[in-house]
Amino acid sequence: MHPFKFKPNRIWRVYRGGAMIDNIRNEAATADGNYPEDWIASTVLANNPQIMKAGEGISTVMLDGREMPFSELVRNKPVELFGSAHMDQFGMDTGFLTKLLDSAVRLPLQAHPDRKTAKLIYGSPYGKTEAWIVLETREINGEEPYLIMGFNESLDEKNFSREALSGEFSGGLKMCHKHPVKPGNVLLIEGGMVHAIGPGVFLVEIMEPTDLVVQPELYCGTQRLSDQERFGKTDPETAMKVFDFQPMSRKEAWNRCVMIPKTIMKQADSRLIQLIDPGRTRYFGAAMLKLRDQFTYDNPFRRAAAGIAVRGDFVIHSDGKEFDINQGNTFFVPYEHGNLKFFGNADILFSMPGLAMEPTDNE
């Protein structure tokens, strides 16, 4: 199969943001609103109890002059898209989900289930371990950008849980580590870890393909959250079991999350940099291609990959066909892709599934 592009897939959320997504796509007008995310290579329906739209969250493919839901293409050509080894592990599932996310407010304190907890509470084979790749940052109302990751040494589990059930966090925020961030940071947030994205952070988020979240605060920005939005489709006490109440130092929290990029391939002036090793995380992987003139893409990840042109424009040559990719475009490179060459000057972020489905005993 040839590579193909996705249509923009902006998703409604209760929080405001999205100006940086407009900016990367060179839109005439950029503004923060209630569409702060764009979902890429998605077969996942958005969980929006306030505004339910049929099919929201599913990516739309532009293939051979026509449009179709990505979920339909996955059903029709799963082996060509993902390969037989992927099918043995995941069946008809993509195994991962990628988002562009730009927040103008601090998101609520939250946690996602690991796979064991997801299976126990939600009946889902997937949890929601996720990773953040910071693209850009900006000050919002004079506040420096930051991320919240991990409980600190002042954690009081009973008091945190009491505040979580009430939704009023007078002390719970102080029990969490607040980390300054900058473009280029790559961070892995395992299921169970308390976290939140602060205002002014534009990132790529890669995750297991679910929208499972427990976010017990009453408000996201100025938007009051319903109990279903806070605790999902379970009771509040059960939902709190998603949190891993493990205190740690600031350094321990950072070291637990941070991923160190490394160059894994060079071709003349182009470099392929591994950001997230799918063998380490097991759930997904990520890499950045620093394209400088040209690069021969010979299935370097041994799996399918979703792509984002985060800087610059380029052209993909695929067995006699050419595909123009502009900054901000999103696309997909199937497992069975033939001979590909990339030409241009651009930074291209690839995300991809892992190859491990069953949780380990210590997960």
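Side chains are part of it too, since the values below use all heavy atoms of this structure and drop only hydrogens, waters and symmetry mates. Each residue takes its place number in the sequence, starting with 1.
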Assign the ring pair Phe295 / Phe342 to parallel, tilted or perpendicular, where the plane angle (0 to 90°) is split at 30° and 60°. perpendicular

Are Asn159 and Arg162 close enough that a side-chain donor and a side-chain acceptor fall under 3.5 Å? yes

Regarding Tyr297 and Gln267, is there a side-chain donor-to-acceptor distance under 3.5 Å anywhere? no

Residue Asp269 excluded, over 12 heavy atoms near CG under 6.0 Å: no

Roughly how far, to the nearest 0.5 Å, is the NE2 atom of His86 from the CE atom of Met92? 10.0 Å

Thr296-Asp298 side chain donor-acceptor pair, cut-off 3.5 Å: no

CG (Leu212) and OG1 (Thr234) are apart, to the nearest 0.5 Å, by 11.0 Å

Exceeds 12 heavy-atom contacts within 6.0 angstrom, atom CG of Asn141: no

Is the shortest distance from a Lys or Arg side-chain nitrogen in Arg106 or Glu217 to a carboxylate oxygen in the other one below 4.0 Å? yes

Under 3.5 Å side-chain donor-acceptor pair for Glu27 and Thr30: no

Short side-chain donor-acceptor distance under 3.5 Å, Glu163 and Ser170: yes

Rounded to the nearest 0.5 Å, what separates atom SG in Cys176 from atom CD1 in Ile148? 6.0 Å

So, does Asn326 use its side chain to make a donor-acceptor pair with the main chain of Asn329 at under 3.5 Å? no

For Glu229 and Ser226, indicate whether the former's side chain and the latter's backbone hold a donor-acceptor pair under 3.5 Å. yes

Check whether more than 12 heavy atoms from other residues, nucleotides or ligands sit under 6.0 Å from atom CG of Asn345, and answer yes or no. yes

Parallel, tilted or perpendicular: which describes the rings of Phe245 and Phe160, with under 30° parallel and over 60° perpendicular? perpendicular

Quick check on the 6.0 Å ring-centre criterion: do Phe332 and Phe82 meet it? yes

Please say which of Arg13, Arg25, Arg138, Arg16 ends up in a salt bridge (Lys or Arg N to Asp or Glu O under 4.0 Å) with Asp102. Arg138

